[in-house]
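Each chain gets a letter, A, B and so on, in the order the sequences are listed, and its residues count up from 1. Note that the coordinates shown come from a computational prediction; the quantities given were computed from them, not determined experimentally.
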Amino acid sequence: METPVLGFELRCPHLFNISSRPSSSLSPPTVSLRIPTTAAASTVVESPATVAEAPRSKRHSNTYLTRKSAISEVERSPDFLSSLQRLERVLKVQDLNVILRDFGISGRWQDLIQLFDWMQQHGNISVSTYSSCIKFVGAKSVSKALEIYQSIPDESAKTNVYICNSILSSLVKNGKLDSCIKLFDQMKRDGLKPDVVTYNTLLGGFIKVKNGYSKAMELVGELPHNGIQMDGVMYGTVLAICASSGRCEEAESYIQQMKVEGHSPNLYHYSSLLNSYSWKGDYKKADELMTEMKSVGLEPNKVMMTTLLKVYIKGGLFERSRELLSELESAGYTENEMPYCMLMDGLSKAGKLEEAKLIFDDMKGKGVKSANLVPISESLQVRFGGQLRSNRLASLPVFLDNDFNFPFSSDGYANSIMISALCRSKRFEEANQLARDSETTYEKCDLVMLNTMLCAYCRAGEMESVMRMMKKMDEQAVSPDYNTFHILIKYFIKEKLHLLAYQTLLDMHSKGHRLEEELCSSLIYHLGKIRAHSEAFSVYSMLRYSKRTICKELHEKILHTLIQGKLLKDAYVVVKDNAKMISQPTLKRFGRAFMMSGNINLVNDVLKVLHGSGHKIDQVQFEIAISRYIAQADKKELLLQLLQWMPGQGYVVDSSTRNLILKNSNLFGRQLIAEILSKHHVRPLVKSRSQPKFRCK
DNA sequence: CTAGGGTTAG
């Protein structure tokens, strides 16, 4: 039922604007010829208020039919806005909602937005309008859905459960689960009373995220607290979550539980359970499941059979897979590439490239189409890019960024799989050739396809093609992902374009992608070799501060590079933070290097850090340090500090150093020097810290 | 006759 929660009825044009046009200008309904023109016209001229309060059955029925025909007239009209203008007084807000949904279902995005605008301007709008509009728009773009949400003038409607469910669903569909949960909490604070659909919307977000199962279980756990019972759909979602994390036992127990509660499993439930068997390729259980399902009168559909195919492939039953694929073909379920792709991929991963290629060729011969997504209408961007944003956006919660999701048509799954398969078998020339073919065949490629081709070109060493692909991605405004960066950096290293690799890594880091240690490590090595020491250090630092632990050889490796590049202050930082993970010879090398040419003001600090880490400082280091101090008389204080520090830690100066100091003692005050050196007389036994006299048991 | 949620995918 339509509730006038928004308080628009007062502004409703029906009440004030009824006879702005003569009724004679109204066109007759074009659809339902059974309704006489006059009847339609007279209904229109009557105040809808009268209609609403006097539902005499005949007239009501007439009105209903009139409205129905008006709905389809608007839907079919080539210029629906003018039809809308004409039929304004016939159509109720719920009729407009029906039209809106029809536009949404048939992908008429521009019309949907125009109608929504029109309804807003005419104050003929309801909760359902917002809910539906957000649903359709939000499937494509979170930010646009949020703009609509923010534009709702009635505060109480913002916590309407249907509207909230729509907006939460938009966030989930666009992979913004964290934002979704935050917004959900916010909405609850603002008065939302979540229902079973709300919870299920959130749960839906856990289907394809890692650790989704345990997070989902937390949410399921709070259902009783909110007095919500799981329904059939929610069991479907929960089973999908189990399946997507390979938890077949949990899935089985949920099926059991739902049966106990009196729900009979349908195809959704069975296909998720089946999918949970695909992880281990448990075809035995899968067959049993199919038998049970048929015994309760359910016919396997396309999804079911495709999922079964997946189980057989995972289980390595390629002969049965091929048979099942034929069954899919005769059932008409192979109008797109997907099932062929699954089999090809499975075969190639099992090392059966030739058999995979046979499937590929067979599929190509049959002229199978690839699955295309409908691209977002440009008008939608234009419309919302303009006036609607502005002041409203400023009030959006900060955690919700306005990201777009552009679904591009995704041609060429099969080619992409085949290219990967060829690369896997190191047949780079063939992969290269197929990538070129794909480029000419498919106008637009999605990111995975682009990455696959890029990879093939890189492996084949086709620099020009690599550059062409990068340009293409740029032109198609496809932003590179982790894989893209990874492929490129590896390739640049291989081609000895180390600085380019470095630049690309910086780019990757700035885009927020995690850095892989092995790749960084290799780059650090090569940058060191070409004496790009500070670049090497910046790679190390990026890795160091984005990861909790890194392999200890890396500290060692960077230290050698820094010493070689005389970046001793950086080296000191590395030693200070990781001394315990660095080998003694490397510490020694660092110590000597620092004594020789490190910042003289830090010499004592460095010695203390080295010593504090358990490193035994050798005489050479002291000797170099002390000669530097002597050569620089203004560092007198530092020398005295060092000499005073040494005996307490079990170090004494050797005789040549001692002589050097005495020779220059006039610079420091003979008396003081003699006093300090007297403590260096007795060379204590090197019973080091690691060998305490008394061991505790 | 009236909004919002669940199945296969490189």
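Crowding of K68(A) atom NZ: a count of heavy atoms from other residues, nucleotides or ligands under 6.0 Å not exceeding 12. The 12-atom threshold is exceeded at NZ of K366(A), counting heavy atoms of other residues, nucleotides or ligands nearer than 6.0 Å. Residue K259(A) qualifies as enclosed at atom NZ: its count of foreign heavy atoms under 6.0 Å is above 12.
At a cut-off of 3.5 Å, with distance as the only test, a side-chain donor of T237(A) or N200(A) sits close to an acceptor on the other residue.
Straight-line distance from the CG atom of L308(A) to the C1' atom of dA9(B): 16 Å, rounded to whole Å. Spacing between atom CG of L192(A) and atom C1' of dG5(B) amounts to 14 Å, rounded to whole angstrom units. Nucleotide dG10(B) holds its C1' atom 13 Å from the CG atom of N336(A), rounded to whole Å. Summarising the geometry, the separation between CG on N266(A) and P on dG5(B) is reported as 17 Å, rounded to the nearest angstrom. When rounded to the nearest whole Å, the span between CG of L289(A) and C1' of dT7(B) equals 12 Å. In this entry the distance linking CG of L115(A) with P of dA3(B) reads 17 Å, nearest Å. One atom, NZ of K302(A), and another, C1' of dA9(B), lie 11 Å apart when rounded to the nearest Å. Atom pair Y340(A):OH and dG10(B):P shows a separation of 17 Å (rounding to whole Å applied).
Phosphate contact (OP1/OP2 of dT8(B), side-chain N/O of N275(A), threshold under 4.0 Å): present. For the pair K310(A) and dA9(B), the criterion of a side-chain N or O lying under 4.0 Å from OP1 or OP2 is met. Remark: T307(A) is not in phosphate contact with dT7(B), judged by side-chain N or O atoms under 4.0 Å from OP1 or OP2. Distances shown here put a side-chain N or O of K173(A) below 4.0 Å from the OP1 or OP2 atom of dG5(B).
Distance from the side chain of V233(A) is smallest to dG6(B) among dG10(B), dG6(B), dT8(B). Out of dT8(B), dG6(B), dG10(B), the shortest distance to the side chain of S416(A) is found at dG10(B). In the set dG10(B), dG6(B), dA3(B), the nucleotide with an atom closest to the side chain of I417(A) is dG10(B). The side chain of R101(A) sits closest to dA3(B) out of dG5(B), dG10(B), dA3(B). Side-chain atoms of M342(A) lie closest to dA9(B) of the nucleotides dT7(B), dA9(B), dG5(B). Side-chain atoms of Y162(A) lie closest to dA3(B) of the nucleotides dG6(B), dA3(B), dG5(B). Side chain of Y413(A), nearest nucleotide from dG6(B), dG5(B), dG10(B): dG10(B). With dG5(B), dG6(B), dT2(B) as the choices, the nucleotide that has an atom nearest any side-chain atom of Q94(A) turns out to be dT2(B).
Across all strands shown, V238(A) has no heavy atoms under 4.0 Å from either base or sugar-phosphate atoms. Looking at heavy-atom distances under 4.0 Å, L267(A) makes contact with a base. Looking at heavy-atom distances under 4.0 Å, I207(A) makes contact with sugar-phosphate atoms alone, never a base. No contact: M304(A) has no heavy atom under 4.0 Å from any strand.
Judged by distance alone, with hydrogens and angles left aside, the side-chain atoms of S141(A) form no donor-acceptor pair with the main-chain N or O of V137(A) at under 3.5 Å. S131(A) contributes no side-chain N or O that, together with a main-chain N or O of V127(A), makes up a donor-acceptor pair within less than 3.5 Å.
For S131(A) against dA3(B), no side-chain N or O and base N or O form a donor-acceptor pair under 3.5 Å. With hydrogens and angles ignored, no donor-acceptor pair closer than 3.5 Å exists between the side chain of S272(A) and the base of dT7(B).
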